[in-house]
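Have a look at the structure below, then the notes.
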Amino acid sequence: MFWAGISFFESIREEEKIDSQNQKHLENAIEEMNLRRQTFKTNEGLIYSGDAIFFSSMATNRVYAWYETGQFKLSHQNDLILFTLAQHFVNGSPRLYIAKMNINSRVFEFPIGKFSDYFLTLEKEREMRRVGEYISLNAMNVVAEVMAFNKFSREVTSFKRLKAVTLEQQAHYLNDYDNYLDSARNRIFDLVQDTFQNENSYSEDSSSTFNQREESFTIYLKVLEFESVHNVTFEQVRKQYKQLARRYHPDSVTGDEYRFKLIREAYEFLESNYPK
């Protein structure tokens with residue numbers, strides 16, 4: 001009986017050791033970057049910093065953001081956009097919203113939960129050329145991510161919990177996050193479409209229509225990341241589109257479905273309207 005008891009406790013210790021090793025493996029399965037301590041810089045020179053965590057999981061091999069209350073900053077060349085994220089409660093559950101946006105020192109404050117106002121503000125500042133095309137598109141993506149994160153965080157209440165679950169559970173949660181992101185990006189994409197349609201139907205006057213058409217060419221060439229929109233040939237447009245389509249295709253490592261849809265829309269417009 002004595003030896004049986006020792007054998008039992010040794011078995012328990014071995015199981016605890018295995019559980020501990022498995023827990024350590026799970027935590028290592030998520031790579032994280034705390035943007036409070038270090039900045040994240042993309043190949044295109046966009047810099048992220050502030051109260052958020054960027055992370056990737058072995059379950060999906062994609063990069064996600066865990067947002068928190070505080071400030072989140074994007075900078076690119078001479079442009080700076082600062083988001084102030086605050087929290088409110090809906091039916092007892094916490095939700096993040098963007099209380100304030102500072103766009104190149106121009107400050108905008110927002111009511112709770114009006115996500116369309118964030119987009120419209122960014123779009124207006126971009127149209128007025130008070131902020132660069134590239135950073136404004138990425139700022140719209142941040143808006144979509146915050147929208148999606150609110151749904152995701154209802155399922156996974158803390159980052160610590162996400163790191164503690166199995167890889168299979170992580171894959172399930174992050175697949176939901178991807179779906180929420182797709183839904184939010186589609187919503188913003190629809191707003192982009194509506195904005196362009198409203199611009200194009202603003203006036204029936206021929207000179208106004210011509211100017212709007214010229215402006216549309218400029219906008220879509222900027223979407224395709226041309227630094228200069230002068231003397232661009234359609235062959236250059238085609239080549240640039242193929243490069244960006246490969247980079248932002250949802251199945252690629254650097255995939256971004258929202259950006260992919262925008263560049264595809266830009267190319268389709270230019271293909272149909274470019275002077276041949």
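Note that the coordinates shown come from a computational prediction; the quantities given were computed from them, not determined experimentally.
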- Taking atom types as modelled, find out whether Gln87 and Thr69 have a side-chain donor-acceptor pair closer than 3.5 angstrom. no
- Evaluation steps, side-chain contact (heavy atoms from CB on, under 4.5 Å), between Asp256 and Asn141: CA-CA 9 Å; Asp256 185 328; Asn141 192 56; 4.0 Å; yes
- Query: Less than 4.5 Å apart, any side-chain heavy atom of Tyr248 and any of Ile263?
  - Reply: yes
- Is any side-chain heavy atom of Glu32 closer than 4.5 Å to a side-chain heavy atom of Lys163? yes
- Query: Would you call the rings of Phe54 and Phe40 parallel, tilted or perpendicular if under 30° counts as parallel and over 60° as perpendicular?
  - Reply: perpendicular
- Message: Grouping I, L, V, M, F, W and Y whenever their side-chain heavy atoms are under 4.5 Å apart, do Leu120 and Ile135 come out in a common cluster?
- Response: yes
- Query: Taking the side chain from Gln243 and the backbone from Gln240, do they hold a donor-acceptor pair closer than 3.5 Å?
  - Reply: no
- Is there a donor-acceptor contact under 3.5 Å from the side chain of His76 to the main chain of Glu44? yes
- Item | Spatial distance of atom CG (Leu137) from atom CG (Leu122) [nearest 0.5 Å] | 9.5 Å
- Message: Tell me whether Val63 shares a hydrophobic cluster with Ile47, the cluster being built from Ile, Leu, Val, Met, Phe, Trp, Tyr side chains joined at under 4.5 Å.
- Response: no
- Message: ring-ring contact (aromatic ring centres under 6.0 Å, His included) for Phe72 and Tyr67? Distances and angles first, verdict last.
- Response: CA-CA 9 Å; Phe72 185 74; Tyr67 290 100; 5.3 Å; yes
- Presence of salt bridge, Arg264 and Glu271, under 4.0 angstrom: no
- Query: Minimum heavy-atom separation for Trp66 to Ser158, with atom names?
  - Reply: CH2-C, 3.4 Å
- Treat each ILVMFWY residue as a node, draw an edge where side-chain heavy atoms are under 4.5 Å apart, and state whether Leu82 and Tyr48 are in one component. no
- Closest heavy-atom contact between Ser136 and Val131? CB-CG1, 4.2 Å
- Measure the spacing between CG of Asn102 and CD of Gln71 and express it to the nearest 0.5 Å. 8.5 Å
- What heavy-atom pair brings Phe226 and Gln236 nearest, and what distance separates the two atoms? CZ-O, 3.6 Å
- Message: Let me confirm one number: the OH-OG distance from Tyr177 to Ser153, rounded to the nearest 0.5 Å.
- Response: 8.5 Å
- Candidate pair Leu167 and Met58, rule side-chain contact (heavy atoms from CB on, under 4.5 Å), full reasoning: CA-CA 8 Å; Leu167 280 176; Met58 290 172 58; 4.2 Å; yes
- Message: Are the side chains of Leu244 and Tyr267 in contact, using a 4.5 Å heavy-atom criterion?
- Response: no
- Please answer: with hydrophobic residues joined when any side-chain heavy atoms are less than 4.5 Å apart, are Val156 and Val165 in the same cluster? yes
- Query: Salt bridge check: are Glu155 and Arg161 linked by an N-O gap of less than 4.0 Å?
  - Reply: no
- Task: Please check if the distance between the ring centroids of Phe55 and Phe159 is under 6.0 Å.
- Result: yes
- Scanning both residues in full, the closest heavy-atom pair of Gly70 with Asp51 reads CA-OD2, 3.2 Å
- Message: If hydrophobic clusters are built by linking Ile, Leu, Val, Met, Phe, Trp and Tyr wherever their side-chain heavy atoms come under 4.5 Å apart, do Val142 and Met33 end up in the same one?
- Response: yes
- Query: Are side-chain heavy atoms of Tyr241 and Leu270 found at a separation under 4.5 Å?
  - Reply: no
- Message: With heavy-atom distances below 4.5 Å as the criterion, would you say the side chains of Tyr64 and Glu145 are in contact?
- Response: no
- Message: When you compare the side chain of Lys239 with that of Lys242, does any pair of heavy atoms fall below 4.5 Å?
- Response: no
- Quick one: sort the Phe152 and Tyr173 rings into parallel, tilted or perpendicular, breaks at 30° and 60°. perpendicular
- Using a strict cut-off of less than 4.0 Å between a Lys/Arg side-chain nitrogen and an Asp/Glu carboxylate oxygen, indicate whether Arg126 and Glu123 qualify as a salt bridge. yes
- Note on the structure: Separation between CG (Asp176) and CZ (Arg154), nearest 0.5 Å, reads 12.0 Å
- Item | Worked check of side-chain contact (heavy atoms from CB on, under 4.5 Å) between Ile53 and Leu35 | CA-CA 6 Å; Ile53 296 171; Leu35 298 185; over 6 Å; no
- Task: Write down the atom of Ser49, the atom of Thr39, and the distance for their closest heavy-atom approach.
- Result: CB-CG2, 3.7 Å
- Item | Spacing of CG belonging to Leu96 relative to CG belonging to Asn150, to within rounding of 0.5 Å | 5.0 Å
- Item | Leu80 vs Lys73 side-chain heavy atoms within contact, under 4.5 Å | yes
- For the pair Tyr118 (side chain) and Met140 (backbone), establish whether a donor and an acceptor sit closer than 3.5 Å, ignoring hydrogens and angles. no
- Query: Can you find a pair of side-chain heavy atoms, one from Arg130 and one from Ile103, that are under 4.5 Å apart?
  - Reply: no
- Task: For residues Leu224 and Ala266, report the shortest heavy-atom separation together with the two atoms involved.
- Result: CG-CB, 4.1 Å
- Give the C-alpha distance, both sets of side-chain angles, the deciding distance and a yes or no for side-chain contact (heavy atoms from CB on, under 4.5 Å) between Arg62 and Asp178. CA-CA 10 Å; Arg62 290 184 61 179; Asp178 284 332; 3.4 Å; yes
- Message: Within this structure, what is the NZ-CG distance for the pair Lys124 and Asp117, rounded to the nearest 0.5 Å?
- Response: 12.0 Å
